[in-house]
Q: 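Starting off with a structure, shown below.
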Protein chains: 2
Amino acid sequence: MNKIEVIITDDHKLFRDGLRSILQQFDDIEIIGEASSEIELMRMLKEGYDPDIVLMDISLPDGNGLDIIKQMKEEYVSIKCVVITMHADGQYVVKAVKNGAYGYLLKSVDQAELVEAIKTVGLGKKYFNAEVSQLMVTDMALQQDQETNLSERELEVLRLVAQGYTTKEIANQLYVSARTIETHRVNIMRKLNVQNSAEMIKKAAKCDLI
Amino acid sequence: MNKIEVIITDDHKLFRDGLRSILQQFDDIEIIGEASSEIELMRMLKEGYDPDIVLMDISLPDGNGLDIIKQMKEEYVSIKCVVITMHADGQYVVKAVKNGAYGYLLKSVDQAELVEAIKTVGLGKKYFNAEVSQLMVTDMALQQDQETNLSERELEVLRLVAQGYTTKEIANQLYVSARTIETHRVNIMRKLNVQNSAEMIKKAAKCDLI
DNA sequence: TTAGCACTCAGTATAAATACTGATTAACAT
DNA sequence: ATGTTAATCAGTATTTATACTGAGTGCTAA
């Protein structure tokens, strides 16, 4: 069996050393490099490093660690990113998942779980433990809790607006005057607590109304 | 300790009987009712049934089971819904979570896990096992895979548009002419393959570009 | 070195949205 | 009964967006 090749990315040398020390004990895992920043990581990849897994802290000094996951995934399709962080924040987890991360580990995990995560991801599967899943679930449930109280008619209008129909077109479709639709739009914006159509559609999309 | 009061909702009597038979063995769980449809369930709740948990199949004959979770949550805040279904579909899981479900079980789970889920939810915590979390994660990662290829500048403009700034305002902020911003808008819409600003914002929101 | 793309900018005309002022009717719950 | 809300409709003026025609510069990768 081939070794799982890993690059560790974290701005704290001591932490990198610790990880290396732990992972060195396993014959099927090999640390092929370390980076102390996103820039350094990207430079290494550009220079030809080709790890199976990048183990990455997302509170790096240069920029947002979550964005780099996406970037890396686009440029180096085969590399799988496992986030390791102290941030027990559902939004971070969701963002990481959406950006293509293969795993999300809290720094509170133990050795055994770290290794299990790496091996799981090494097989091409994703690794998110119960705690992390919980964070994600809780966050998603919260997002939905923004009550809207739009009437049926308003929802209907909102959906048509979001589909790109103009006020006039909607009026024709619903057999009412354009004035009516305009009133609806104003009321919808008031209820969603936004100032204009762009924000209205954004908020509607975020709240899954459309 | 109080018993966890459960209503089983499923359109197959045999399945309800099976669940009842399993759960009856546990002293701290009590089946206080059964419903064979959403309508029946809602009627029971209206009549005063007040379960801790509703164990619900989401492929019921009358309407979409996922929507009823939301409805129930709004009208009966204290009731926790646990979905039990044969649909191993990430989108369903995501939707269930967003609608406020406290758990999602595949019909392939065993007795032990069913009971564990009920007890966990009974304590007010959510229960989503590794398999289900996996489905959810996979689905979310997929959604993100729609490539966009917007340039940095275009993303910047897009985000400002979504925040409700007008073309002129954006032009002032970025120290370029309004023409330039208009060109950007047109290019963004072309790249996102949409016909107007409303669709542009909707698509951007759905793809988490903003 | 040439082709493509990002980014910038222009005029003219029309279509649409927004801001302000209002109003009537019907349903529904306190 | 009375207040609240949904749903409908109106005029006028202004601001924005859109559609059509374009173009020049500078970078980069084939």
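First the proteins, then the strands, lettered A, B, ... as listed; each starts at 1.
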Q: Would you check if A/I118 and A/V82 make a side-chain contact, meaning some heavy-atom pair closer than 4.5 Å?
A: no
Q: Strictly below 4.0 Å: does A/S177 bring a side-chain N or O up to OP1 or OP2 of D/dC9?
A: yes
Q: Is a side-chain N or O of A/E156 found less than 3.5 angstrom from the main chain of A/E152, in a donor-acceptor match?
A: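 The answer is no, because no donor-acceptor pair under 3.5 Å joins these two groups.
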Q: To the nearest Å, how far apart are B/E182 CD and C/dG11 C1'?
A: 11 Å
Q: Tell me: CZ of B/R153 to C1' of C/dC5, nearest whole Å?
A: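 That distance rounds to 16 Å.
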Q: Between A/T167 and C/dA17, is there a contact of a side-chain N or O with OP1 or OP2 at under 4.0 Å?
A: yes
Q: Nearest whole angstrom, please: distance from the P of D/dT16 to the CG of B/N172.
A: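 After rounding, the gap between these two atoms is 10 Å.
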Q: Please tell me which of B/T183 and B/A198 maps to the more 5' nucleotide of DNA chain D, matching each residue to the nucleotide holding its nearest heavy atom.
A: B/A198
Q: Taking for each residue the nucleotide of DNA chain C with the nearest heavy atom, is it B/N187 or A/Y165 whose nucleotide lies nearer the 5' end?
A: B/N187
Q: Reckon B/H184 has a side-chain N or O less than 4.0 Å from the OP1 or OP2 of C/dT8?
A: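 For B/H184, the contact criterion (side-chain N or O under 4.0 Å from OP1 or OP2 of C/dT8) is met.
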Q: When you measure from the side-chain N and O atoms of A/K168 to the phosphate of C/dA15, is any distance below 4.0 Å, counting only OP1 and OP2?
A: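 No, no such contact exists.
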Q: Rounded to whole Å, how long is the line connecting atom CZ of B/R185 with atom P of C/dC9?
A: 16 Å
Q: Quickly work out the B/R179 CZ to D/dG24 P distance and round it to whole Å.
A: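 About 17 Å, once rounded to whole Å.
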Q: Looking at B/F15, I'd like to know if the NZ or CZ of B/K107 sits under 6.0 Å from its six-membered ring centre while staying within 45 degrees of the ring's axis.
A: yes
Q: Closer than 4.0 Å, any side-chain N/O of B/K191 to the OP1 or OP2 of C/dA6?
A: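 Answer is yes, contact under 4.0 Å.
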Q: Output the single nucleotide from C/dC9, D/dA6, D/dC9 whose closest atom is nearest the side chain of B/V176.
A: C/dC9
Q: Grab the CE-P distance between A/M200 and C/dA17 for me, whole Å please.
A: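 In whole Å, C/dA17 P lies 10 Å from A/M200 CE.
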Q: Whole angstroms only, please: what is the CD-P distance between B/E152 and C/dT8?
A: 13 Å
Q: Would you confirm whether B/E154, through its side chain, and B/L150, through its main-chain N or O, come within 3.5 Å as a donor-acceptor pair?
A: no
Q: Please work out if A/T180 contacts a base, only the sugar-phosphate, or nothing of the nucleic acid, heavy-atom cut-off 4.0 Å.
A: base
Q: In whole angstrom, what separates B/I188's CD1 from C/dA6's P?
A: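 After rounding, the gap between these two atoms is 11 Å.
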Q: Looking only at heavy atoms, which two atoms of A/K119 and A/D28 are closest? And how far apart?
A: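 Nearest pair, atom of A/K119 first, then A/D28: CE-OD2, 3.3 Å.
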